[in-house]
There are 2 protein chains.
Amino acid sequence: MGEVLSSSSRKAQVIRVAAELFREKGYVASSMRDLAQKLGIEAASLYSHIKSKEEILHILCFDMAEDFMVSLNQVEKQQNLTASQRLQQGIIGHIQVMARDLTASAVFMNEHRHLSQPFLRDFLLLRINYINRFKKMIEDGVADGEFKKEIDKKLAVMTLFSSLNWMPQWYNPDSVIDPESLGKQLADMLVNGLKQNR
Amino acid sequence: MGEVLSSSSRKAQVIRVAAELFREKGYVASSMRDLAQKLGIEAASLYSHIKSKEEILHILCFDMAEDFMVSLNQVEKQQNLTASQRLQQGIIGHIQVMARDLTASAVFMNEHRHLSQPFLRDFLLLRINYINRFKKMIEDGVADGEFKKEIDKKLAVMTLFSSLNWMPQWYNPDSVIDPESLGKQLADMLVNGLKQNR
DNA sequence: CCTACCGATCGGTAGG
DNA sequence: CCTACCGATCGGTAGG
């Protein structure tokens, strides 16, 4: 997990509480006074821990991005697996990272656009890179003959990402289904579809 | 299309320009002064056309919701079709409604949470109803034996909605692929999966 | 559609 | 971590 977020410092606590607030109300609608109140301190006191409101958003977004990258790096090492197996592992990894901190994941997803430049650009470059690496797995599957050659790879990867990204909005981490099973089911649905196998 | 949005009144123009602004910067970060500037008038003059900032958001969200409902009503009438055919028609309809106004669709999707009560509650009830009607189509498909009985229906419908909802973020309406083809491909991918048919 | 303006709230700083 | 405070900006109104 990102260094700051995983620590138990006061700063980390400020960021975790901020994440809850940002998720609930959105970044722009969350005031530093709201945040201070949740922490039981005065707004001005926040600035002993963080440099600015945006620093909080920056840490939340980039710490999550880092975790997603680490997870995908692991998967890409396993070149002994077939494309669909790697895709499955990638999906499971993504969901596991999200499940470790669904609040930060929701902020990562919905609020990153409020980063100012040049951070926004850096963030979007990381995201494009991540998506392209998933797209590569799909292309590998087509090249192998494991996936249909007629599939629209862009549509496939966008559909995959949409479902992954939307998950923090409805997935309940205390539910019966654990992240790994969820990842497997999602991968299976995407790869095999809903239809009865003949 | 919703009455206000489709008209060419000055009010409709204000709302359309607001939609672009809300999409770009988010509802909260968009000021009435930003909006006025885009229209070439003073901020105070906006209030000759609209009652409040929230009225704009309300109209955008509920006009889109109305259009989605009309589309789904049409599909549900076709009980001669199989579940997967109805699902496909539902998906195509949803995408066609979105494609008619991708800007309003993006606002509908990302900014509805800034509606105040009781409008937010009303909106969420409409959305739940809409989702449940798609879920019903999937359940019908399972009951018929057309879809696998092991599928997680909640996961399937959330995956479907995630992809539909995310589309305004990447779909280019001027692209080579028209909404109907896109809907067909998405439905096919969901129903049949990526895997080569044996 | 404009000028003139209001009270509330914003992120953040100085100085302890 | 607090008190005291700043300049900027917010949505919106009065009155034409």
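Bear in mind the structure is a predicted one, so any value in this text is a computation, not a measurement. Below, chains carry the letters A, B, ... as their sequence lines are ordered, and counting in each starts from 1.
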(message) I'd like to know if the side chain of B:His112 reaches the main chain of B:Phe108, judged simply by a donor and an acceptor atom lying under 3.5 Å from each other, with no hydrogens or angles considered.
(response) yes
(message) Counting only side-chain heavy atoms from C-beta out, which of D:dG11, C:dG11, D:dC1 sits nearest to B:Tyr47?
(response) D:dG11
(message) Please confirm whether the shortest side-chain N or O distance from A:Ser45 to OP1 or OP2 of D:dC2 is below 4.0 Å.
(response) yes
(message) Please report the distance, rounded to the nearest Å, between CE in A:Met32 and P in C:dC10.
(response) 11 Å
(message) Nearest to the side chain of B:Arg10, heavy atoms from C-beta on, is which of C:dT3, D:dC2, C:dC1?
(response) C:dC1
(request) Could you work out which one of D:dC1, C:dG11, C:dA14 sits closest to the side chain of A:Ala44? (result) C:dA14
(message) Donor-acceptor check, side chain of A:Ser175 to backbone of A:Tyr171, threshold 3.5 angstrom: yes or no?
(response) no
(message) Using whole Å, what does the distance between atom P of nucleotide C:dC1 and atom NZ of B:Lys11 come to?
(response) 14 Å
(message) What is the distance, to the nearest angstrom, from the NE2 atom on A:His114 to the P atom on C:dG11?
(response) 13 Å
(request) Scan B:Glu20, B:Arg16, B:Glu24 and name whichever one has a side chain to side chain contact (heavy atoms under 4.5 Å, CB included) with B:Thr103. (result) B:Glu20
(request) Would you mind reading off the distance between A:Leu35 atom CG and C:dT9 atom C1', rounded to a whole angstrom? (result) 16 Å
(request) Check for a donor-acceptor pair, side chain of B:Gln85 on one end and backbone N or O of B:Thr82 on the other, with a separation under 3.5 Å. (result) yes
(request) Find the partner of D:dG15: check Watson-Crick (N1-N3 plus N6-O4 or O6-N4) and G-U wobble (N1-O2, O6-N3) distances, both under 3.5 Å, and reply none if neither fits. (result) C:dC2
(message) Does C:dT9 have OP1 or OP2 under 4.0 Å away from a side-chain N or O of A:Ser31?
(response) no
(message) What is the distance, to the nearest angstrom, from the CD1 atom on A:Ile56 to the C1' atom on C:dG12?
(response) 13 Å
(request) For B:Glu55 and D:dT13, give me the distance from atom CD to atom P, rounded to whole Å. (result) 12 Å
(request) Hey, which sits more toward the 5' end of DNA chain D by its nearest nucleotide, A:Arg33 or A:Gly40? (result) A:Gly40
(request) Nearest-nucleotide wise, let me know which of A:Ala29 and A:Lys51 is further upstream toward the 5' end of DNA chain C. (result) A:Ala29
